[in-house]
Asker: 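Have a look at the structure that comes next, please.
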Amino acid sequence: MASPEIRKDAVHNRWVIFSPARARRPSDYKSKHDPNTKTQTECPFCAGHEHECAPEIFRFPPESTSDWKIRVIQNLYPALSRELDPTPDTECGDGPVTVPGFGFHDVVIESPAHPVHLTDLSPAQLANVLLTYKKRIDQLRAIDSIKYIQVFKNHGASAGASMSHSHSQIMALPIIPPTASARIDSMKEYFGQTGKCGVCQVRKDDLLIDQSSHFISAIPFAATYPFEIWIIPRDHSSHFHDLDNDKAVDLGGLLKLTLAKMCLQLNEPPYNLMIHSAPLRIDSTQLPFTHWFIQIVPQLTTVGGFELATGCYINPVLPEDAAKVLREVIIPN
């Protein structure tokens with residue numbers, strides 16, 4: 001049995017405790033989620049129910065009517081309001097800081113059919129979803145008061161999804177959130193010490209799962225969560241919205257393979273998928289150490305008091321073991 005060890009996550013500037021003695025064999029790690037649980041077969045996100053949704057922003061293909069493939073709509077219950085004035089009314093002084101809750105909260109409906117999930121889509125169809133994110137980001141980043149855009153997907157109720165129909169969300173913020181700020185600061189520190197980008201370094205052979213022409217999938221050296229996966233551009237790139245059509249298809253293929261392997265090996269776990277991109281208005285000095293990537297976190301464990309108190313996480317599966325397990329998964333034809 002491997003001894004416990006503590007690893008430094010140079011990208012997020014946090015420590016992770018790896019304690020393999022707390023787990024079963026890595027290959028036996030499975031979600032307790034029942035993938036056969038019956039769910040509804042029709043909902044407001046399905047084709048024919050468009051009138052039940054919040055206002056549409058655009059659809060793909062643009063000229064489609066009832067035969068649409070992807071729709072971007074406003075969130076019916078947004079966390080932020082696009083109607084507010086983004087300019088603070090008063091000076092904050094030395095007291096607590098408050099700014100208007102201005103921002104955008106959108107939903108991307110990834111398929112018109114209720115039972116279809118990302119793993120059911122072809123690489124080209126997944127590319128269309130990714131390019132839909134890019135198009136909406138391009139629209140939102142043209143707004144001067146928007147400083148950061150977060151794309152994320154909650155799959156499964158325990159991962160935060162309120163609708164079982166496959167969808168993702170985009171939030172545009174007038175602030176740079178603390179996790180993003182900490183990530184940028186940590187990557188700057190690592191670059192200052194080594195002259196290298198911290199995300200570019202996540203390429204060790206024993207952490208690699210799969211690779212394509214333009215991307216790799218890997219378990220990060222100091223993975224916060226068991227079987228956490230990153231998909232990383234091979235070429236250094238700060239912003240997801242620089243993705244072009246050819247790379248989107250390439251990424252779609254690797255994303256499909258990665259999700260299929262994870263779902264097969266881990267019993268179709270609920271998961272969170274997040275695109276971590278640089279803040280919109282970084283200066284040229286920050287480009288060498290900012291690098292976008294996709295983070296996929298299967299929901300296999302719960303966060304307890306120790307994690308909440310210390311910011312240190314306990315991961316029962318060594319990254320090298322998790323990578324080996326996923327690398328060896330064979331997807332049936």
Side-chain angles (χ1 to χ4, degrees), residues 12 43-46 49-59 70-90 92 95-111 118 129-130 132-184 224-225 239-241 270-281 292-297 299 302-303 307-308 311:
H12 295 101
C43 75
F45 287 176
C46 293
H49 292 259
E50 294 84 356
H51 61 284
E52 300 176 33
C53 296
E56 179 179 301
I57 299 167
F58 65 86
R59 62 177 58 189
I70 302 168
R71 287 208 314 141
V72 180
I73 63 173
Q74 297 181 23
N75 194 310
L76 193 60
Y77 305 103
L80 298 167
S81 173
R82 65 193 72 209
E83 307 299 332
L84 292 177
D85 181 352
T87 306
D89 294 328
T90 58
C92 297
V97 177
T98 302
V99 297
F102 166 80
F104 295 81
H105 190 175
D106 302 330
V107 175
V108 179
I109 305 172
E110 299 153 352
S111 165
L118 288 186
V129 173
L130 296 167
T132 297
Y133 298 158
K134 170 186 166 70
K135 178 178 178 179
R136 184 56 179 151
I137 291 170
D138 284 340
Q139 293 173 344
L140 292 167
R141 69 189 181 94
I143 302 169
D144 290 340
S145 54
I146 295 301
K147 296 182 179 179
Y148 193 83
I149 299 174
Q150 182 64 61
V151 179
F152 63 99
K153 176 180 178 64
N154 303 328
H155 174 80
S158 62
S162 57
M163 301 280 284
S164 57
H165 192 123
S166 190
H167 69 285
S168 38
Q169 300 179 62
I170 301 175
M171 291 188 68
L173 309 172
I175 59 168
I176 299 175
T179 299
S181 295
R183 184 174 72 246
I184 300 303
T224 304
Y225 309 98
H239 290 109
F240 170 80
H241 61 251
Y271 66 86
N272 301 100
L273 183 153
M274 298 143 283
I275 299 177
H276 296 295
S277 192
L280 295 177
R281 291 165 184 85
W292 75 266
F293 62 96
I294 296 175
Q295 178 189 26
I296 304 169
V297 179
Q299 293 298 318
T302 56
V303 174
E307 289 86 353
L308 294 174

Asker: Is there a donor-acceptor pair under 3.5 Å between the side chain of Arg59 and the backbone N or O of Ile73?
Answerer: no
Asker: Judged by atom type as modelled, is there a donor-acceptor pair below 3.5 Å linking the side chain of Glu110 to the main-chain atoms of Val129?
Answerer: no
Asker: Of the non-hydrogen atoms in Arg183 and Ser277, which two are nearest, and what is the gap between them?
Answerer: NH2-O, 3.1 Å
Asker: Can you find a pair of side-chain heavy atoms, one from Asn154 and one from Gln169, that are under 4.5 Å apart?
Answerer: yes
Asker: Once you round to the nearest 0.5 Å, how far does NE2 of His49 lie from NE2 of His165?
Answerer: 10.5 Å
Asker: Going from NE2 on His276 to CD1 on Ile184, what distance comes out if it is rounded to the nearest 0.5 angstrom?
Answerer: 11.0 Å
Asker: Would you name the heavy atoms of Arg141 and Leu280 that are closest together and state the gap between them?
Answerer: CB-CD1, 3.6 Å
Asker: Any side-chain heavy atom of Arg136 sitting closer than 4.5 Å to one from Val108?
Answerer: no
Asker: May I ask you to test the Met163-Cys43 pair for a side-chain heavy-atom distance under 4.5 Å?
Answerer: yes
Asker: Do Phe102 and Ile146 have side chains that get closer than 4.5 Å, going by heavy atoms?
Answerer: yes
Asker: If you compare all heavy atoms of Ala172 against all heavy atoms of Leu140, which two are closest, and at what distance to 0.1 Å?
Answerer: CB-CD1, 3.9 Å
Asker: Could you give the distance from OG (Ser164) to NE2 (His155), rounded to the nearest 0.5 Å?
Answerer: 9.5 Å
Asker: How about Ile109 and Glu56: do any of their side-chain heavy atoms sit closer than 4.5 Å?
Answerer: no
Asker: Would you compute the distance between atom CG of Asn272 and atom OG of Ser168 and round it to the nearest 0.5 angstrom?
Answerer: 12.5 Å
Asker: Write down the atom of Gln139, the atom of Ile57, and the distance for their closest heavy-atom approach.
Answerer: OE1-CG2, 4.0 Å
Asker: Students often mix this up, so state it plainly: with edges at 30° and 60°, are the rings of Phe45 and His167 parallel, tilted or perpendicular?
Answerer: perpendicular
Asker: Can a donor-acceptor pair be found, under 3.5 Å and without considering hydrogens, that links the side chain of Gln74 to the backbone of His105?
Answerer: no
Asker: Within the structure provided, determine whether Leu80 and Met171 are in side-chain contact (heavy-atom separation under 4.5 Å).
Answerer: yes
Asker: Taking side chain as C-beta onward, heavy atoms only, is Ile170 less than 4.5 Å from Tyr133?
Answerer: yes
Asker: Check whether more than 12 heavy atoms from other residues, nucleotides or ligands sit under 6.0 Å from atom NZ of Lys134, and answer yes or no.
Answerer: yes
Asker: Between CD1 of Ile149 and CD1 of Ile137, what distance do you get to the nearest 0.5 Å?
Answerer: 5.5 Å
Asker: Which label fits Trp292 and Phe240: parallel for a plane angle under 30°, tilted from 30 to 60°, or perpendicular past 60°?
Answerer: perpendicular
Asker: Ignoring hydrogens, what is the shortest heavy-atom contact between Lys147 and Pro174? Give both atom names and the distance.
Answerer: CD-O, 3.3 Å
Asker: Using side-chain heavy atoms (C-beta onward) and a distance below 4.5 Å, is Lys153 in contact with Leu118?
Answerer: yes
Asker: Partners of Tyr225 by ring-ring contact (aromatic ring centres under 6.0 Å, His included), sequence neighbours excluded?
Answerer: Tyr313
Asker: Which atom names give the shortest non-hydrogen contact between Ala159 and Pro270, and what distance separates them?
Answerer: CB-CB, 4.0 Å
Asker: For His239, what residues pass the ring-ring contact (aromatic ring centres under 6.0 Å, His included) criterion, not counting sequence neighbours?
Answerer: His241
Asker: How far does CG of Leu76 sit from OG of Ser162, to the nearest 0.5 angstrom?
Answerer: 10.0 Å
